[in-house]
There are 2 protein chains.
Amino acid sequence: MGRNKEFDTTVVLRKAMEVFGHYGYEGTSLQILLDGLGIARQSLYDTYGTKKDLFISAVKHYTNEKSAAVLTRLDRPGSVKAAIADIFREIAAALKDEVRRKECFIMHSAIDQVPHVPEIAAFFEQDASRLEEGFYRALVRANEQGELSDRHSDLRALARYLNHSRYSLTQAAKLTSEPKVLDDIVKVTLSALDS
Amino acid sequence: MGRNKEFDTTVVLRKAMEVFGHYGYEGTSLQILLDGLGIARQSLYDTYGTKKDLFISAVKHYTNEKSAAVLTRLDRPGSVKAAIADIFREIAAALKDEVRRKECFIMHSAIDQVPHVPEIAAFFEQDASRLEEGFYRALVRANEQGELSDRHSDLRALARYLNHSRYSLTQAAKLTSEPKVLDDIVKVTLSALDS
DNA sequence: TCTTTTTCGGACCATTTAGTCAAGAATAAA
DNA sequence: TTTATTCTTGACTAAATGGTCCGAAAAAGA
């Protein structure tokens, strides 16, 4: 009974990522937001709550999606170095794609709000530790599989580095439109795993 | 003849970096800005122009200062690897210092505005190319001095990577309050230069 | 058909926004 | 003292802000 929702809430969430990613949280006026989402003002408040609520939902949805993909790839049996290379090349591919890159920039807006929105700060802290642990587990396995040389003594540092590099690629993408630059950065980043 | 300015304009510019760095450009209301600068409203408009003018001035001042220091260090004779290590450790030191770190975050706010303020976009494009060239020159010299192994074939990629890593450290600092994490990231970043 | 839910659009609100103007006090050099 | 510049304060504006309320149309199941 009753009318069904006309829009797919996850599709709208995707659009929210794009809008917030482009204008930033504070830079996104309600008008811009509504135009970008393509829904009516009341529908926004009914479905997602306030502007801030929607922002938090979008950030969490985006981050969870990406993190899950990374962790899955890291835990898959086989070469760890190949897995990590896959992960970074996938990020670079997304950032080079005219369409897909747009929603990635919500990361930048989200990091912007870390000092002002405790819920986002706590969320990222938790996410970072999950990811760091994931990278660390993978690196330990890589070591057991003989993929690393003895110059990689500090696997904890390496794990932190890799997780941070993942985030930082979107920043690089915001600064350059040259795809080659992203490829170069990824290439050198991955070389940290070489012997 | 006439009264002198009571405030040092570069000191105020520094405070502007802190305020804009903390709240972001859009997140900084005029009231917050004036409170942070400690000057009267009219003084702001008389001395710096609009809010946007001040923001651009602060961004340029900060960037020029940092870039000049980096380029100077890179061009100094002696070990290039030591120079690069110095540069990154200095950044980490600044980001770990409770006071100095504050103004660094204007970089994040500035990158935020790249898609919306053409003047900032053009400025960063120029700055990035200057810095990339500086790193590249240094790496060529390092190669001539026998500091690099033959696994470092693509010095252009390495230069881009180093310049990007410089920027990305402030992002990492915004996400973590743990100093050890920054040290770890720097350590692994520099290991890209090892043989 | 009746009921329930959603969508949509416009009106509306109090608050905040960036920026301007004016006037008097302070300060410094001529 | 005179003159020029800056500082400070407060009032003011027009526009934009996020958010709420209302009513009618649309759609889906009972």
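Each chain gets a letter, A, B and so on, in the order the sequences are listed, and its residues count up from 1.
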B/S/- contact track for nucleotides 9-14 of chain D, protein heavy atom under 4.0 Å: B-----
Length of the CG-P vector between D46(B) and dA4(D), whole Å: 18 Å
Tabulate below the donor-acceptor pairs under 3.5 Å that side-chain atoms of residues 114-126 of chain B make, not counting sequence neighbours, or state none.
residue, atom, partner, partner atom, Å
H116(B), NE2, H22(A), O, 3.0
E119(B), OE2, K60(B), NZ, 2.9

Residues in residues 49-56 of chain B with a heavy atom under 4.0 Å of DNA chain C, by number, are T50(B), K51(B)
Starting at CD of Q31(A) and ending at C1' of dA15(D), how long is that distance when rounded to a whole Å? 14 Å
Measuring to OP1 and OP2 of dT17(C), would you say a side-chain N or O of S29(B) lies under 4.0 angstrom away? yes
Between P of dA16(D) and CG of L30(B), the distance in whole Å: 17 Å
Set of salt bridge (charged side-chain N to carboxylate O under 4.0 Å, His left out) partners for K66(B), sequence neighbours left out: none
To the nearest Å, give me how far apart CD1 (I32(A)) and C1' (dG18(D)) are. 13 Å
Is it true that the side chains of D46(B) and S43(B) contain a donor and an acceptor less than 3.5 Å apart? no
Tell me whether the NZ or CZ atom of K51(A) lies within the 45° cone about the ring axis of Y25(A) and under 6.0 Å from its centre. yes
Calculate the interatomic distance between D35(A) atom CG and dC8(C) atom P; express it in whole Å. 13 Å
Whole-Å distance, Y48(A) OH to dG18(D) C1', equals 18 Å
Once you round it to whole Å, what is the distance between P of dT6(D) and CG of L37(B)? 18 Å
Could you tell me whether K102(A) atom NZ has more than 12 heavy atoms of other residues or ligands within 6.0 Å of it? no
Do I106(A) and T63(A) touch side chain to side chain, with heavy atoms closer than 4.5 Å? no
Residue set satisfying salt bridge (charged side-chain N to carboxylate O under 4.0 Å, His left out) with K187(A), at least two apart, ordered chain then number -> D154(B)
Quick check for you: to the nearest 0.5 Å, what is the distance between D8(B) atom CG and R14(B) atom CZ? 9.5 Å
Indicate every side-chain donor-acceptor pair of residues 84-94 of chain B with a distance under 3.5 Å to a residue at least two apart or in another chain.
residue, atom, partner, partner atom, Å
D86(B), OD2, R73(B), NE, 3.2
D86(B), OD2, R73(B), NH2, 2.7
E90(B), OE2, R100(B), NH1, 3.0

Please report, rounded to the nearest Å, how far the P atom of dA18(C) is from the CG atom of L34(B). 9 Å
